[in-house]
J.: 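The structure under discussion is supplied below as structure tokens; questions concerning it will follow.
Reckoned from all heavy atoms, side chains included, excluding hydrogens, waters and symmetry mates.
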Amino acid sequence: GSWAPVSQKCLGYSQVSALIDAYTEPANFARLPNAPSAKLGFGAWLTVRSPVGGVLKAINEERLDKIRNLPSFISEYIAFPSIGSTIVQSRDALTVYGALNLASNNEEQFEAEYKEAQLLIDAGLFEVEC
């Protein structure tokens, strides 16, 4: 899952790493708690969405780079539509264009950067012609 890096940073493991350990490192798997017991950080999986629909003219690289340069940025999965293709306004899980992973050991830093990233996404990562 594209969310696994957030879990790994915040909990020290993820469902993906636990599954791998179950088959390749049974002793490591046996040491995992039954439920998350220690919080190592703060994180979120942010959806990449479009506030409007229309014909895609450009990707706003400046806004995207601002997110990528946040200290809490870990990784991304973005299925960029082709320039000239029609995109729809994001309304649900089926109309998002990917995800960005943020995590930090510092809660205040994470909260501030999470809000900043959300504002940049809401301002629009896609430039469209309606």
J.: What are the two closest heavy atoms between Gly43 and Cys10, and how far apart are they?
T.: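 Closest approach of Gly43 to Cys10, heavy atoms only: N-SG, 3.4 Å.
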
J.: Quick check on Phe29: does its CZ atom have over 12 non-hydrogen neighbours (other residues, nucleotides or ligands) under 6.0 Å away?
T.: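 No, CZ of Phe29 has 12 or fewer neighbouring heavy atoms, counting only those of other groups under 6.0 Å.
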
J.: Please check: side-chain N/O of Ser90 versus main-chain N/O of Ser50, any donor-acceptor pairing under 3.5 Å?
T.: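 Side chain of Ser90 to backbone of Ser50: a pair is present.
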
J.: Any idea which heavy atoms bring Ser14 and Ser7 closest together, and the distance?
T.: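 Heavy atoms of Ser14 and Ser7 come nearest at CA-OG, 3.4 Å.
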
J.: Linking I/L/V/M/F/W/Y whenever any side-chain heavy atoms sit under 4.5 Å apart, do Val48 and Ile83 land together?
T.: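 Yes, Val48 connects to Ile83 through the hydrophobic network.
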
J.: Do you reckon Val88 sits in the same ILVMFWY cluster as Leu56, going by side-chain contacts under 4.5 Å, direct or chained?
T.: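 Yes.
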
J.: Indicate yes or no: at least one non-hydrogen side-chain atom of Pro71 is less than 4.5 angstrom from one of Gln109.
T.: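 Touching, per the 4.5 Å side-chain cut-off.
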
J.: Between Asp65 (side chain only) and Arg68 (backbone N and O only), is there a donor and an acceptor less than 3.5 Å apart?
T.: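 Side chain of Asp65 to backbone of Arg68, a donor-acceptor pair under 3.5 Å: no, none is there.
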
J.: Linking I/L/V/M/F/W/Y whenever any side-chain heavy atoms sit under 4.5 Å apart, do Ile121 and Ile78 land together?
T.: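 Yes; tracing contacts between hydrophobic side chains, which count when under 4.5 Å, links both residues.
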
J.: Verify the cluster assignment for Leu125 and Tyr77: are they in a single hydrophobic cluster under the rule of side-chain heavy atoms below 4.5 Å apart?
T.: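 No, Leu125 and Tyr77 fall in different hydrophobic clusters.
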
J.: Kindly give the heavy-atom pair with the smallest separation between Ala117 and Leu46, and that separation in Å.
T.: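 Smallest interatomic distance, heavy atoms only, reads CB-CD2, 3.7 Å.
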
J.: Can you tell me how far the CG atom of Leu40 sits from the OH atom of Tyr13, to the nearest 0.5 Å?
T.: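 Those atoms lie 9.5 Å apart.
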
J.: State the CD1-OG distance between Ile87 and Ser82, to the nearest 0.5 angstrom.
T.: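 One finds 11.5 Å between CD1 of Ile87 and OG of Ser82.
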
J.: Is atom CD of Gln15 surrounded by more than 12 heavy atoms (other residues, nucleotides or ligands) closer than 6.0 Å?
T.: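 Atom CD in Gln15 is not packed in, count stays at 12 or less.
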
J.: Show the nearest heavy-atom pair for residues Ser104 and Ser72, with the distance to one decimal.
T.: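 The answer is CB-CB, 4.1 Å.
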
J.: Hey, can you tell me if Phe80 and Phe126 have their rings parallel, tilted or perpendicular (30° and 60° cut-offs)?
T.: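 Rings of Phe80 and Phe126: perpendicular, as their planes differ by over 60°.
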
J.: Rounded to the nearest 0.5 Å, how far does CG of Leu100 lie from CH2 of Trp45?
T.: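 Reported to 0.5 Å precision, the distance equals 10.0 Å.
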
J.: Minimum heavy-atom separation for Leu120 and Arg63, please, with both atom names.
T.: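 Nearest pair, atom of Leu120 first, then Arg63: O-CD, 3.8 Å.
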
J.: Do Tyr114 and Val96 sit in one hydrophobic cluster, given that two such residues count as connected whenever their side-chain heavy atoms are within less than 4.5 Å of each other, even indirectly?
T.: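 Looking at the clustering, Val96 is in a separate group from Tyr114.
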
J.: For atom CD of Glu62, decide whether the heavy atoms of other residues, nucleotides or ligands shown that lie under 6.0 angstrom number more than 12.
T.: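 Not more than 12 within 6.0 Å, no.
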
J.: Give the minimum heavy-atom separation between Gly53 and Val128, together with the two atoms involved.
T.: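 That would be O-CG2, 3.8 Å.
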
J.: Just how far is it from atom CG of Leu119 to atom CD1 of Ile67, taken to the nearest 0.5 Å?
T.: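 Reported value, rounded in 0.5 Å steps: 10.0 Å.
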
J.: Counting heavy atoms not belonging to Arg91, are there more than 12 under 6.0 Å from its CZ?
T.: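 Count not over threshold, so no.
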
J.: For the atom pair CZ (Phe110) and CG (Leu70), what is the distance rounded to the nearest 0.5 Å?
T.: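 So the CZ of Phe110 and the CG of Leu70 are separated by 11.0 Å.
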
J.: Main chain of Arg49, side chain of Thr47: is a donor-acceptor contact present, judged purely on distance under 3.5 Å?
T.: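 No: the side chain of Thr47 does not pair with the backbone of Arg49.
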
J.: Just checking, is any N or O donor in the side chain of Ser17 or Gln8 under 3.5 Å from an acceptor N or O on the other one?
T.: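 Looking only at side-chain atoms, Gln8 and Ser17 do form a donor-acceptor pair, the distance falling under 3.5 Å.
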
J.: Give a yes or no on whether the backbone of Ile59 and the side-chain of Glu127 come within a donor-acceptor separation of less than 3.5 Å.
T.: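 No; judged by distance alone, with no hydrogens or angles, the pair does not exist.
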
J.: Measuring only between side-chain heavy atoms, which start at C-beta, is Lys9 closer than 4.5 Å to Asn105?
T.: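 They are in side-chain contact.
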
J.: Hey, what do you get for CZ (Phe42) to CG (Leu102), rounding to the nearest 0.5 Å?
T.: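 Reported to 0.5 Å precision, the distance equals 14.0 Å.
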
